[in-house]
Chemist: 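Below you'll find the structure I mean.
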Protein chains: 2
Amino acid sequence: MGATKTDHFTNKQNQIATIAKALGHPARIAIIEYLLKVNECICGDIVNELPLAQPTVSQHLKELKNAGLIKGNIEGNSVCYCIDEKTFNVLKDYFSKIILTVTNQKCC
Amino acid sequence: MGATKTDHFTNKQNQIATIAKALGHPARIAIIEYLLKVNECICGDIVNELPLAQPTVSQHLKELKNAGLIKGNIEGNSVCYCIDEKTFNVLKDYFSKIILTVTNQKCC
DNA sequence: ATTTAAAATCGCAATATTACGATTATATAA
DNA sequence: TTATATAATCGTAATATTGCGATTTTAAAT
């Protein structure tokens with residue numbers, strides 16, 4: 001055991017879980033917030049900003065990119081990263097729907 | 001290594017990461033969606049609904065509760081679980097703010 | 001062609017997560 | 001009191017994540 005039983009859940013459930021998982025680390029939240037502040041930047045900027053080594057930051061960027069939360073465009077010998085809006089919209093819509101549903105519910 | 005450097009990040013960043021992490025598993029998303037559908041239920045109902053054993057479901061419920069995403073009230077010899085609205089509101093607000101910020105940005 | 005710069009990948013150690021069988025705790029029912 | 005029902009906890013195996021030093025890849029600059 002130890003592996004998640006991904007195939008037993010719906011695509012939507014796996015999609016939301018994958019996005020949430022990518023945001024489930026304070027360093028990755030910090031990267032997102034930094035990108036919101038500066039609009040766009042390269043990996044080295046984040047390395048200077050966070051108390052983490054370059055390979056660690058690179059790995060976090062990879063996970064955010066895999067989840068569709070950021071985009072990375074090659075610009076010369078560096079990579080320009082920025083927020084990928086559409087995936088954040090998926091989350092916003094998902095939680096907005098939850099709030100709409102739950103406000104009509106009574107709890108035990 | 002292997003441990004997250006929690007103390008290097010802000011309380012807010014850790015809070016969002018903790019909540020997102022709790023939602024970062026399809027089984028826990030499925031539990032949330034089931035609770036939204038049935039309003040409230042006991043652990044055994046979820047065990048019947050999901051392809052997971054009782055201790056596994058119990059553990060997932062514990063994590064959702066620790067993150068403040070669900071409430072659990074003892075009712076006789078069972079525990080009644082339901083959505084904890086306020087934590088979902090934290091997420092909704094957080095992502096709404098991100099969307100507002102990011103729509104004015106241009107990407108590389 | 002050689003050097004420099006940026007960032008990805010490799011490899012590894014420490015730690016965390018996932019899943020579940022077995023057991024335990026708690027409360028109701030007989 | 002004894003049996004039953006519900007769910008938490010314990011223990012453990014399999015797997016995944018985190019973090020970083022060392023190395024490699026890629027592209028620009030000299």
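Sequence lines set the chain letters: A, B, ... in the order given, protein chains first and strands last, and positions in each chain run from 1.
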Chemist: Distance check needed: dA27(D) C1' versus Asn73(A) CG, whole Å only.
Modeler: 16 Å
Chemist: Classify the nucleic acid contact of Ile42(A) as base, sugar-phosphate or nothing, counting any heavy atom under 4.0 Å across all strands shown.
Modeler: sugar-phosphate
Chemist: Quick one: are Cys41(A) and Leu35(A) in side-chain contact, heavy atoms under 4.5 Å?
Modeler: yes
Chemist: Does dA8(D) have OP1 or OP2 sitting under 4.0 Å from an N or O in the side chain of Ser58(B)?
Modeler: yes
Chemist: Whole angstroms only, please: what is the CD1-P distance between Ile46(A) and dA6(C)?
Modeler: 14 Å
Chemist: To the nearest Å, how far apart are Glu75(A) CD and dA5(C) C1'?
Modeler: 15 Å
Chemist: I'd like to know whether Asp45(B) forms a side-chain contact (heavy atoms from CB on, under 4.5 Å) with Val38(B), so could you lay out the CA-CA distance, the side-chain angles of the two residues, the decisive distance to 0.1 Å, and finally the verdict.
Modeler: CA-CA 10 Å; Asp45(B) 296 334; Val38(B) 300; over 6 Å; no
Chemist: Does the side chain of His60(B) get closer than 4.0 angstrom to OP1 or OP2 of dA19(C) through an N or O atom?
Modeler: yes
Chemist: Rounded to whole Å, please give me the gap between CD in Gln54(B) and C1' in dT9(D).
Modeler: 10 Å
Chemist: Would you kindly give the CG-to-P distance between Asn48(A) and dA5(C), to the nearest whole Å?
Modeler: 14 Å
Chemist: In terms of side-chain heavy atoms of Val79(B), which of dA7(C), dA19(C), dA8(D) is nearest?
Modeler: dA8(D)
Chemist: Ignoring the backbone of Thr56(A), work out which of dC20(D), dA8(C), dG21(C) is nearest its side chain.
Modeler: dC20(D)
Chemist: For Leu64(A) and dA7(C), give me the distance from atom CG to atom P, rounded to whole Å.
Modeler: 15 Å
Chemist: Let's see if you can work this out: which of dA7(D), dG19(D), dG21(C) has an atom nearest to the side-chain heavy atoms of Leu52(A)?
Modeler: dG19(D)
Chemist: Count the heavy atoms of every other residue, nucleotide or ligand shown that sit under 6.0 Å from CG of Asn48(A), and state whether that count exceeds 12.
Modeler: yes
Chemist: To the side chain of Cys43(B), which of dA7(D), dT9(C), dA7(C) is closest?
Modeler: dA7(D)
Chemist: Between dA5(C), dT18(C), dA7(C), which one does the side chain of Glu63(B) approach most closely?
Modeler: dT18(C)
Chemist: To the nearest Å, give me how far apart CG (Asp7(A)) and P (dT18(C)) are.
Modeler: 16 Å
Chemist: Output yes when at least one side-chain N/O atom of Lys62(B) is less than 4.0 Å from OP1 or OP2 of dA7(D), else no.
Modeler: no
Chemist: Side chain of Ala53(A) only, heavy atoms from C-beta on: which candidate in dA7(D), dG21(D), dT18(C) is closest?
Modeler: dG21(D)
Chemist: Rounded off to whole Å, could you give me the NZ-to-P distance for the Lys65(A) and dT9(C) pair?
Modeler: 9 Å
Chemist: DNA chain D: Pro55(A) or Ile74(A), which has the more 5' nearest nucleotide?
Modeler: Pro55(A)
Chemist: On DNA chain D, compare the nucleotides closest to Lys21(A) and Tyr81(B); which residue's is nearer the 5' end?
Modeler: Tyr81(B)
Chemist: I'd like to know whether CG of Asn11(B) has more than 12 heavy-atom contacts from other residues, nucleotides or ligands below 6.0 angstrom.
Modeler: no
Chemist: Determine, stepwise, if the pair Phe9(A) / Leu50(B) fulfils side-chain contact (heavy atoms from CB on, under 4.5 Å).
Modeler: CA-CA 9 Å; Phe9(A) 302 100; Leu50(B) 300 187; 4.2 Å; yes
Chemist: Mapping Cys41(A) and Thr4(A) to their closest nucleotides on DNA chain C, which lands nearer the 5' end?
Modeler: Cys41(A)
Chemist: If you take atom types as modelled and just measure distance, does the side chain of Gln59(A) reach the base of dA8(C) with a donor-acceptor pair under 3.5 Å?
Modeler: no
Chemist: Assess whether atom NZ of Lys12(A) is packed by more than 12 heavy atoms of other residues, nucleotides or ligands within 6.0 Å.
Modeler: yes
Chemist: Measure from the side-chain heavy atoms of Asn77(A) and tell me the nearest of dA27(C), dA28(D), dA19(C).
Modeler: dA28(D)
